[in-house]
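Input: a single structure, listed below in structure tokens.
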Amino acid sequence: MSRIIAVVEAGGNPVQAMLAAEALRQAARRGGRDLAVEVRTERGVISPLPASPTADALLLVGEAAAPAGLAGMQAIHAGIAEVLADPAGVLARLDGGVPAPAAARRQRIVAITSCPTGIAHTFMAAEGLEGAAKALGHQIRVETQGSVGAQNALTPEEIAAADLVLITADTQVDLSRFGAKRVFLSGTKAAINDGQALVTRALAEATEQGGAQATASAAPAAGKRSLSGPYKHLMTGVSFMLPFTVAGGLLIALAFALGGIYAFDDAHRDTLAGALFQIGGKAALALMVPALGGYIAYSIADRPGIAPGMIGGMIAAQLNAGFLGGIVAGFVAGYSVAWLNRALRLPRTLEGLKPVLILPVLGALITGLALIYVAGGPVAVALAWLTEFLRGMQGSGAILLGLLLGGMMAFDMGGPVNKAAYAFSTGLLASQVYSPMAAAMVAGMVPPLGLALAAFLFRDRFTPEEREAAPAAGVLGLAFISEGAIPFAAKDPLRVIPALVAGSAVAGAISMAVGAELRVPHGGVFVLPIPNAVSQLGGYVVALLAGTVVTALALRLLKRPAVALA
């Protein structure tokens, strides 16, 4: 071929665009090719093409679109990273119009991110995917299913035009919108740690979701199996349970602030305090266990599992089996409905009755009978023993529990260990056991706060970029968003994580030792001024400050100077 035109655009990264352009020029010279390269940046065009360019082949790199004079010409697409890695291979694809593999061509990707609390991991995963797709030269739109619902919701037109649907979630996501599309499912951690590797793998391994009329309940995409398992189902239930817990806990705290600790009795029936307690305690918190059971079942069996799971959760509450009973109900309902859905073979004319009539009725019957006659009693006894044991913990026993919960909260900051400690503490709120929740939240605030303090006091241990990011991490810590510490830990895990665990363990131990109790599962320092939201407020603040200082000092001892690390 006699003439190649390439257009390179890397969005907000002009340096990468210019490096890619130079790599193409050098590869063209070595191969004896006639190449003209136009580089488009946010500040203007470098080496612009003539107004009416002529070419035998057109190469579009990154986010570049065809120039006006060549708009109708068939083009080969390549990503910035691909050009930088193998410019000669990219140019070789132009010979005879050899198409790029799917992972290399410019793809239209739609994605959804979601984590159990819908706060940090949800948006960090979205940023990871957006940055990765941009670097690889693909187009992406990400819908975040966060704590306030779906944001940047995908439109039907965008889904129809997409080459790939990428779900990065630690909770159940409804797949009914994506019938007949190629779908790949992953957890949020993969998107946060190495988004480019995840996007590349998804393009290569995604499988078709099913027919155009497929629903979530009947769409067992191959990728979904990689995310299945009790942990993911439990986290989905906890995610949907949290809003009930937050609303109920805060409203009860306000009721106690207005009417005292007896706001629940008949003397306050017609008062505002009594009304607040009825809303928070008798309505919101009463729905905690049914919501937990219902959405565990939803994660396993999709929508047909919700009703049996919630009914089982309500029975568990009536049997005083609490959150443990709700977990049992959710798994019994979910797996029984999933089995019934596979086992029952009905004529096509009756198939529509399964999700609205047959599965909910049979699932509720199986779950209810299993709880009433088999599991409910033993689980209630176990919960009663656990409740009394925790309430009676004093001295060294309480300190050891605080050390354990605190260390778990800082170990992976939003990962499985952190979420296990958080789910345990949150579930106990339904049984009026509040001290583990206090220890978990104070421990979760410590890692970002300790890093922010260390970056301020011991500047030589941190790079300029880390010192600049430290104040933002501190603000996240105040709001009980532990994930603000992740970028620091990822760079030097063997030194940073032990320091974080040490400080959080100290904070959790002090919180348990002073008998602090917390009635709400989230909010950080912003819920502390609410009367009765936290008991032993002075000791609780001391726990937070002590844990922060221990983390900062441990970072000073363990981290090397930033120059040495480089």
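Being a predicted model, the structure only gives us computed values, none of them experimental.
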Provide the closest heavy-atom pair for [X] versus [Y] in the form atom of the first, atom of the second, distance.
X	Y	answer
G444	P447	O-CD, 3.5 Å
K354	L346	CG-CD1, 3.4 Å
P360	P308	O-CG, 3.7 Å
L555	F462	CD1-CZ, 4.5 Å
N152	V142	CB-O, 3.5 Å
Y422	F480	CE1-CE2, 3.6 Å

Tell me, do [X] and [Y] make a side-chain contact under 4.5 Å, heavy atoms counted?
X	Y	value
V361	L357	yes
T188	M124	no
L449	L544	yes
M314	Q318	yes
T122	Q145	no
I481	P448	no
R177	E143	yes
S425	M409	no

First locate atom [atom1] of [X], then atom [atom2] of [Y], and finally report the distance between them rounded to the nearest 0.5 Å.
X	Y	atom1	atom2	result
L185	E205	CG	CD	12.5 Å
H77	H138	NE2	NE2	11.5 Å
M512	E517	CE	CD	9.5 Å
R141	L154	CZ	CG	5.5 Å
T463	E468	OG1	CD	9.5 Å
Q196	L136	CD	CG	4.5 Å

*State which residues pass ring pair (Phe, Tyr, Trp, His ring centres under 6.0 Å) with F240; sequence neighbours excluded, sorted by chain then number.*
Y295
*Only one of V379, I296, V332 forms a side chain to side chain contact (heavy atoms under 4.5 Å, CB included) with I327, so which one is it?*
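Checked V379, I296, V332 against I327; only one passes side chain to side chain contact (heavy atoms under 4.5 Å, CB included): I296.
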*Can you check whether V501's main-chain N or O pairs, donor with acceptor, with S504's side chain at less than 3.5 Å?*
no
